[in-house]
Visitor: 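Could you have a look at this structure, given as structure tokens, before my questions?
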Amino acid sequence: MASHQGHGGTHFTSWAQCLVLARNTTGGAAAAVAFSPDSSHVAAGTAGGALRVMRAATLEVTMEVAATHDGEAIHDVCFAGSAQVVVTGGGDGRACAFETRGGGRVLECVRGGGGEEEDDDERYACLAVAFGTSGGKPVLAAAYADGVAVLWGWDGVVLRELRGHGGAALGVDLSRDGALVATTSSDGTARVWRAADGACAAVLRVGGGGVEARRVRFGAVRTHGLVLVGCSDGSTRAYRVPPAGDAAEVAPLFECGGHGGPVCDVAVGENGEVLATGSSDKTVRLWTLRDGALCRTLPAGGPVAGLAFASQGSPRLLSATAKGTLKLWGIVPR
């Protein structure tokens, strides 16, 4: 496995300069951020349970819900297919969807047995969410603190329960075609599952010594076969999942290392050529997915809590810190 610490020069020439286009705060300690599919808006969730939706160009707040999860933390956010609906995963065990105009709740997914007692709240905390389509129908993937991931239908009905992790499920993502679900866990593995039947297609081990697999993203466009896993040892590992597998163990292709703290989030640019990693070391790093080389290090202004790339328009990256600082980075071609 190749390992890159980023001592070479800039390889991805179109990311020659990064400028801060806009700044704002989340109104509390940030937990997660997301761009809408059309890149017109962004969403940010806080550790205090507040949800803010903002215009992407200026980070001006257009909608806010103060207590989305009865005062519990928002652990993750994503948009549901358009800029009209945003989904949150919360410490109260629920995955909820809100209208971005008015903040009305349009969906609530609650696992049976969760949220009735304090112990259940912690056990069933929803730590990550991802939206996509599978079999032509909208689905919501959610990862929980008891190690289970769930595929929900947009009617709030459980479609699949994905079981196999030996620790908390910390991250989740859906492939572009909706055929695969990727999860990460404190047990030191990431897993790839078939959405159609819930079977585990691959186990991605990140190493021993108590290293956790924190966040996960599928590659995009030119790198759609890759799975990127951010880890607690400050590295992000890239894997290629075989077309067909039955819980096969997969070794990483390469490793992007060098952060001075755990990787808290990862994001993949729409063109599939660049990876962003954010860490508790207060930096965001940009890497080329062609070879895993470091091309830029950005000052985040605090421990990084969330990252998101715009999928439309000019190249932009949104970063959020645990202090609540939001930065919208514009990428200037060479």
Side-chain angles (χ1 to χ4, degrees), residues 1-4 6 11-15 33-35 37 39 76 78-79 128-134 139 141 143 149 170-184 189-195 200-206 213-231 235-245 248-257 259 263-278 284-296 306-312 315-318 331:
M1 176 185 67
S3 178
H4 298 272
H11 295 271
F12 192 66
T13 56
S14 63
W15 291 73
V33 290
F35 259 101
S39 301
D76 202 9
C78 69
F79 281 87
V129 290
F131 178 86
T133 58
S134 184
V139 294
L170 303 176
V172 69
D173 198 19
L174 282 158
S175 62
R176 293 279 177 119
D177 60 6
L180 298 174
V181 183
T183 57
T184 48
T189 70
R191 289 176 177 253
V192 178
W193 316 78
R194 292 193 294 267
C200 181
V203 178
L204 319 178
R205 298 198 180 277
V206 301
R214 292 284 183 90
R215 307 297 284 180
V216 64
R217 291 290 182 265
F218 282 99
V221 189
R222 301 175 191 176
T223 54
H224 65 276
L226 287 182
V227 178
L228 293 311
V229 179
C231 304
S235 70
T236 297
R237 293 165 168 85
Y239 301 81
R240 190 172 298 280
V241 177
E249 291 199 12
V250 180
L253 294 174
F254 59 84
E255 176 182 321
C256 301
H259 276 298
V263 172
C264 302
D265 204 4
V266 297
V268 179
E270 181 64 18
N271 62 10
E273 294 183 358
V274 66
L275 167 71
T277 60
V284 175
R285 292 186 171 214
L286 303 178
W287 314 80
T288 63
L289 283 177
R290 180 179 64 242
D291 54 10
L294 178 68
C295 59
R296 184 70 58 178
L307 294 172
F309 273 109
S311 60
Q312 304 291 326
R316 288 163 292 164
L317 173 70
L318 180 67
I331 313 303

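In this text the structure is predicted, and so the values were computed from the model without any measurement.
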Visitor: For Q312 and P37, work out which heavy atoms get closest and say how close.
Guide: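 In this case the closest contact between Q312 and P37 is CG-O, 3.5 Å.
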Visitor: Can you measure from SG (C295) to CZ (R285) and round to the nearest 0.5 angstrom?
Guide: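 The CZ atom of R285 is 11.0 Å from SG of C295, to the nearest 0.5 Å.
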Visitor: Quick one, V227 and V250 - any side-chain contact, counting heavy atoms below 4.5 Å?
Guide: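 Side chain of V227 against side chain of V250, heavy atoms only: no contact under 4.5 Å found.
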Visitor: Are the side chain of Y239 and the backbone of R205 linked by a donor-acceptor contact shorter than 3.5 Å?
Guide: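 Yes, Y239 side chain to R205 backbone: donor-acceptor pair under 3.5 Å.
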Visitor: Going by side-chain contact (heavy atoms from CB on, under 4.5 Å), name the residues that satisfy it together with D76, two or more places apart in sequence or in a different chain.
Guide: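 D76 satisfies side-chain contact (heavy atoms from CB on, under 4.5 Å) with A32, A128, V129, R215 once adjacent residues are dropped.
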Visitor: The criterion is side-chain hydrogen bond (donor to acceptor under 3.5 Å, both in side chains); which residues satisfy it with T189, sequence neighbours excluded?
Guide: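 So T189 forms a side-chain hydrogen bond (donor to acceptor under 3.5 Å, both in side chains) with H165, D187.
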Visitor: Less than 4.5 Å apart, side chain to side chain, heavy atoms only: is that true for V206 and T184?
Guide: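 The answer is no, as the side chains (C-beta and beyond) never meet within the 4.5 Å cut-off.
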Visitor: Closest heavy-atom contact between P252 and R237?
Guide: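 Looks like CB-CB, 4.1 Å.
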Visitor: State which residues pass side-chain contact (heavy atoms from CB on, under 4.5 Å) with C264; sequence neighbours excluded, sorted by chain then number.
Guide: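 Checked C264 against side-chain contact (heavy atoms from CB on, under 4.5 Å); matches are S280.
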Visitor: Under 4.5 Å between any side-chain heavy atoms of F309 and V274, yes or no?
Guide: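 In short, these two side chains touch, coming nearer than 4.5 Å.
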Visitor: Between S134 and G178, is there a donor-acceptor pair closer than 3.5 Å when you use the side chain of the first and the backbone of the second?
Guide: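 Yes; judged by distance alone, with no hydrogens or angles, the pair exists.
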Visitor: What is the minimum heavy-atom distance between V216 and G171, and which atoms define it?
Guide: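 In this case the closest contact between V216 and G171 is CG1-C, 4.0 Å.
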Visitor: For a quick test of reading the model, state the closest non-hydrogen atom pair linking L294 to L286 and the distance between them.
Guide: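 Looking at all heavy atoms of both residues, the shortest contact is CD1-O, 3.4 Å.
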Visitor: State the CG-CZ distance between L317 and R296, to the nearest 0.5 angstrom.
Guide: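 The CZ atom of R296 is 13.0 Å from CG of L317, to the nearest 0.5 Å.
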Visitor: Just how far is it from atom CZ of F218 to atom CG of D177, taken to the nearest 0.5 Å?
Guide: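 CG of D177 is found 8.5 Å from CZ of F218.
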Visitor: For S311, give me all partners under side-chain contact (heavy atoms from CB on, under 4.5 Å), at least two apart in sequence or on another chain.
Guide: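 Scan of S311 (side-chain contact (heavy atoms from CB on, under 4.5 Å), adjacent residues dropped) gives S39, E270.
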Visitor: For R214, what residues pass the side-chain hydrogen bond (donor to acceptor under 3.5 Å, both in side chains) criterion, not counting sequence neighbours?
Guide: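 So R214 forms a side-chain hydrogen bond (donor to acceptor under 3.5 Å, both in side chains) with E212.
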Visitor: Of the non-hydrogen atoms in R217 and D173, which two are nearest, and what is the gap between them?
Guide: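 Taking every non-hydrogen atom into account, CA-OD2, 3.3 Å.
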Visitor: How far apart are the C-alpha atoms of L228 and L289, what are their side-chain angles, what is the distance that settles it, and do they pass the side-chain contact (heavy atoms from CB on, under 4.5 Å) test?
Guide: CA-CA 10 Å; L228 293 311; L289 283 177; 3.9 Å; yes
Visitor: Any side-chain heavy atom of C256 within less than 4.5 Å of one from L275?
Guide: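 They are in contact (side-chain heavy atoms under 4.5 Å apart), so the answer is yes.
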Visitor: Considering non-hydrogen atoms only, spot the tightest contact between V241 and A202 and give its length.
Guide: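 Reported closest heavy-atom pair: CG1-CB, 4.0 Å.
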